[in-house]
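Below: one structure, written as structure tokens.
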Amino acid sequence: MIIVMNTQATPEELQEVIDWVESQGFKTHVSKGEERAIVGVIGNDRPLDSAQVELMTGVERTMRILEPYKLAGLNVHPEPTLIPLNGLKVGGNQLTLIAGPCSVESREQILETAHAVKEAGATALRGGAFKPRSSPYSFQGMGLAGLELLAEAHQATGLPIVTEVMAPEQVSLVAQYAQVLQIGARNMQNFNLLKAVGQTKHPVLLKRGMMNTLEELLMSAEYILSCGNSSVMLCERGIRTFEKYTRNTFDVNAIPALKARTHLPVIADPSHGTGHWEYVGPVSLAAVAAGADGLIIEVHPKPEEALSDGLQSLKTERFAELIPKLRAVADAVGRKL
Ligand code: PEP
Ligand code: MN
């Protein structure tokens, strides 16, 4: 349920409503708009007696929330969530541009890429140190050594680091080195992991599982939000379909469909979404046109030598060439890059 306070409600009346709702065993989430406050009532499935709430001074009306996600939805939180990152705000007018290799492979590789993507205009650096690979024989990532190299790249460039955390017991370690914790597609419904990142204050980049609906993605975000971490960015990275010419099918629909339901920023990943570097540019432009708040793009100085996802990685110069095109589309839809 959400409780809409009237425009004349005093802070004391609002507090009385909050105290009463909490005394009934529910949690509250207050959103203060310019004109009025909205109190989200979060709890178990047992409904609160709306007639009783509506009798309280300062209350205008109550509404039931029909969606299974509450904190992620627009009812409780109508304003877009802005997540501070490196002096910018993810979800704000300016697009977030996260770029870097699929995996951290060496000191030279990550530093060269970090400098190049920064030069081109990236606002954050990506790179996996713990890699979720389909085969146990594939490169599994550099682990702690990779995190240390990412920290060095952060020191050298100032770019915040986005890197994947694969297990609850890794969260505190990865959080010491990275500014943003990535939850990979394969872990979107690893509920213990979601609860663990929910207990940190780090922004989380939550990727859509390759076989998950948008509602399931929002419910996974709800896990993180309900643990007290309100900084969640959703990421569309393509889903599995019958199509074979691309690795995944980038679901451009996901962008407006999520934006219509949630205040959380939506980031597009055209690299995993397509699986081919030639398609990354066009799909990036489409994602920005569709209203994405940012992009996460795989970039490698020598894609042919990459230990993972070389086929879908842009060479650094190709990444730089994409920026003016992205800027033109961003301008056309009222965004900045
Ligand atoms: C990645 O970002 O390199 C990655 C493994 O992505 P996903 O979880 O979307 O497959
Ligand atoms: Mn990858």
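Quick caveat: nothing in here was measured; it's all calculated off a predicted structure. First listed ligand is number 1; within each ligand, the first listed atom is number 1.
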Side-chain heavy atoms under 4.5 angstrom apart, residues restricted to Ile, Leu, Val, Met, Phe, Trp, Tyr: same cluster for Val162 and Val174?
no
With clusters defined by side-chain heavy atoms of hydrophobic residues (ILVMFWY) lying less than 4.5 Å apart, directly or transitively, does Leu264 cluster with Ile255?
yes
No-hydrogen, no-angle side-chain donor-acceptor test under 3.5 Å, Glu54 and Thr62
yes
Pairs of nitrogen or oxygen atoms closer than 3.5 Å, one from Asp309 and one from ligand 1: do any exist?
no
For residues Ile161 and Leu85: do they belong to one hydrophobic cluster (side chain heavy atoms under 4.5 Å, members Ile, Leu, Val, Met, Phe, Trp, Tyr)?
no
What atoms of ligand 1 come within less than 4.0 Å of a heavy atom belonging to Cys102?
3 (O)
Distance-only polar pair, side chains of Glu22 and Thr28, donor-acceptor under 3.5 Å
yes
With the side chain counted from C-beta on, respond yes when Pro203 and Gln179 share a heavy-atom pair under 4.5 Å apart, and no when they do not.
no
re atom 9 (O) of ligand 1, the protein heavy-atom contact at minimum distance is Arg237 NE, 2.6 Å
Return yes or no for this condition: an N or O of Arg186 is under 3.5 Å from an N or O of ligand 1.
yes
Looking at Glu16, Glu12, Glu13, which one forms a side-chain contact (heavy atoms from CB on, under 4.5 Å) with Thr57?
Glu13
Look at ligand 1 and say whether Arg208 reaches it with a heavy atom at a distance under 4.0 Å.
no
Considering only non-hydrogen protein atoms, determine which one is nearest to atom 6 (O) of ligand 1 and report residue, atom name and distance to 0.1 Å.
Lys207 NZ, 2.9 Å
If you stand at the Mn ion (ligand 2) and look out to NE2 of His272 and OD2 of Asp309, what angle do those two lines make, to 10°?
90°
Is the contact between Met210 and ligand 1 made by the side chain, the backbone, both, or neither, using heavy atoms and a 4.0 Å cut-off?
neither
Tell me which protein heavy atom sits closest to atom 8 (O) of ligand 1, plus the residue, atom name and distance to 0.1 Å.
Ala185 N, 2.7 Å
Say whether Gly184, considering both its backbone and side-chain N or O atoms, lies within less than 3.5 Å of an N or O atom on ligand 1.
no
Nearest to atom 4 (C) of ligand 1, what protein heavy atom do you find, and at what distance?
His272 NE2, 3.4 Å
Polar proximity ligand 1 side, Glu164 side, N/O cut 3.5 Å exclusive
no
When clusters are formed by joining ILVMFWY residues with side-chain heavy atoms under 4.5 Å apart, either directly or through shared neighbours, do Leu193 and Leu234 land in the same one?
yes
Could you check which N/O/S atom of Glu298 is closest to the Mn ion (ligand 2)?
OE2
Side chains of His300 and Asp309, donor plus acceptor under 3.5 Å
no
